[in-house]
Amino acid sequence: MKDLRLLVRPNIWRLEPYSSARDEYSGHEAHVFLDANECPYNAPYNRYPDPLQREVKQLVSDVKGIAPEHIFLGNGSDEAIDLIFRVFCVPGRDNVVAIDPTYGMYSVCAAINDVEYRRVRLDERFQFSADALLEAASQNTKAIFLCSPNNPTGNDLDRDEMMRLVEKFDGMVVVDEAYADFSAQRSMRDEVPGHPNLIVLNTLSKAWGSAGIRMGIAYASVPVIELFSKVKYPYNLSALSQEKAKEILSRRYDVAHWVKLILTERSRLIEAFRQLPVCRTIFPTAANFFLARMTDAQAIYDYLVEEGIIVRNRSRVTLCENCLRVTIGTPEENSQLLAALRKYPNT
Ligand SMILES: *Cc1c(COP(=O)(O)O)cnc(C)c1O
């Protein structure tokens, strides 16, 4: 890995972070707070939330088995993705490399930050080669984006190949594990303490059933976490989000139960899809959705909309021609989807 100082934007390396009233006070027990121009009424929401989200981080640490210093919390993973660009990439000069197809936010964030986005196509099994990604990289490549399990394909990326990339690339490697809670593959988070160029993303939006509260997680080396913390908005997670995050993180056995239910339903749905005349191929999945190649994805998508059922048409995505992406719902919702597809096209 290059020296971190050479990877980070010079203005960010030099940045003096905003110091809030709550940052400056620490130490003694206090009970009269007259430092932050808050209103003394309407407790507890009159108070600014903890900018470092210490209690939430401790719970994430307990659940995920990684020290709090390696944890950044953001307003969705999208905040962490955006911060990667804002911390590392000089607009108009630097670039990033990513697998293709993958999650759309990486390229949108690249475009917003005026950073060139280089796509490297996956193979027909939706796997990547570390060498192909390295070949697409240049002196100005600051980060390589991987996503495992990948969206919209659903498969785990090969873990050994990910490790090879982390070891060979001299910039940052980002592994988005938004769906890892559904996967049996060992998380790349375990590799963060020993690999300072690795950033692993996770979220409460999928398995944890909390897309509405907006909380994403990044695991990275301590200096990278410190850079993210100094660039983020001081109060990027509201008091309400932090409360709800603590609540759900204390219910990990309920969440594990939901994951089991979803995986059981996924098997049932995939088995039923195999019997449908309109379904050609179902791709292997380690997530709470699957990708299916259909006879005519657009027509089936339109039909399902008429029936009040929304799936995702991914037909225009690289390697996903005629493919629908189907999220696993409740047993009842999944049965409604199957009932509708079984009477297609004879309506
Ligand atoms: C859904 C998803 C996320 C979640 O983003 P949030 O901003 O945390 O809701 C992140 N990455 C991928 C690949 C996703 O599919």
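One-based numbering along the sequence shown. These figures come from a predicted structure and were not determined experimentally. Below, each value reflects all heavy atoms present in this structure, side chains not excepted, and no hydrogens, waters or symmetry copies. Note that ligands are numbered from 1 as they come in the structure, with each ligand's atoms numbered from 1 the same way.
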If you compare Arg214, Met215, Lys206 by their heavy atoms, the one closest to atom 3 (C) of ligand 1 turns out to be Lys206
May I ask you to say whether Arg164 pairs ionically with Glu161, meaning some side-chain N is under 4.0 Å from a carboxylate O? yes
Identify whether the distance between the nearest side-chain nitrogen and carboxylate oxygen of Lys168 and Asp131 falls below 4.0 Å. yes
CD on Gln58 to NZ on Lys246, rounded to 0.5 Å: 12.0 Å
Between the CD atom in Gln298 and the CG atom in Leu324, the distance rounded to the nearest 0.5 Å is 9.0 Å
Report the nearest protein non-hydrogen atom to [atom]: residue, atom name, distance rounded to 0.1 Å.
atom                    : result
atom 15 (O) of ligand 1 : Tyr179 OH, 2.6 Å
atom 5 (O) of ligand 1  : Ser77 OG, 3.5 Å
atom 11 (N) of ligand 1 : Asp176 OD2, 2.7 Å

Restricting to non-hydrogen atoms, name the atom on Val174 and the atom on Ala143 that form the minimum distance, rounded to 0.1 Å. CG2-CB, 4.5 Å
Tyr235 vs Ser20, side-chain hydrogen bond (donor to acceptor under 3.5 Å, both in side chains): CA-CA, chis, key distance, verdict: CA-CA 10 Å; Tyr235 305 107; Ser20 68; 3.3 Å; yes
Under 4.0 Å from a heavy atom of [X]: give me the atoms of ligand 1 that qualify, with their elements.
X      : value
Ser205 : 6 (P), 8 (O), 9 (O)
Ala178 : 2 (C), 3 (C), 10 (C), 11 (N), 12 (C), 14 (C)
Asp78  : 5 (O), 7 (O)

When you compare the side chain of Val60 with that of Tyr219, does any pair of heavy atoms fall below 4.5 Å? yes
Nitrogen or oxygen atoms of Asn151 and ligand 1 under 3.5 Å apart: yes
Looking at ligand 1, is there an atom of it that comes within less than 4.0 Å of some heavy atom belonging to Glu79? no
Ligand 1 contact on Cys147 by region, counting heavy-atom pairs under 4.0 Å: side chain
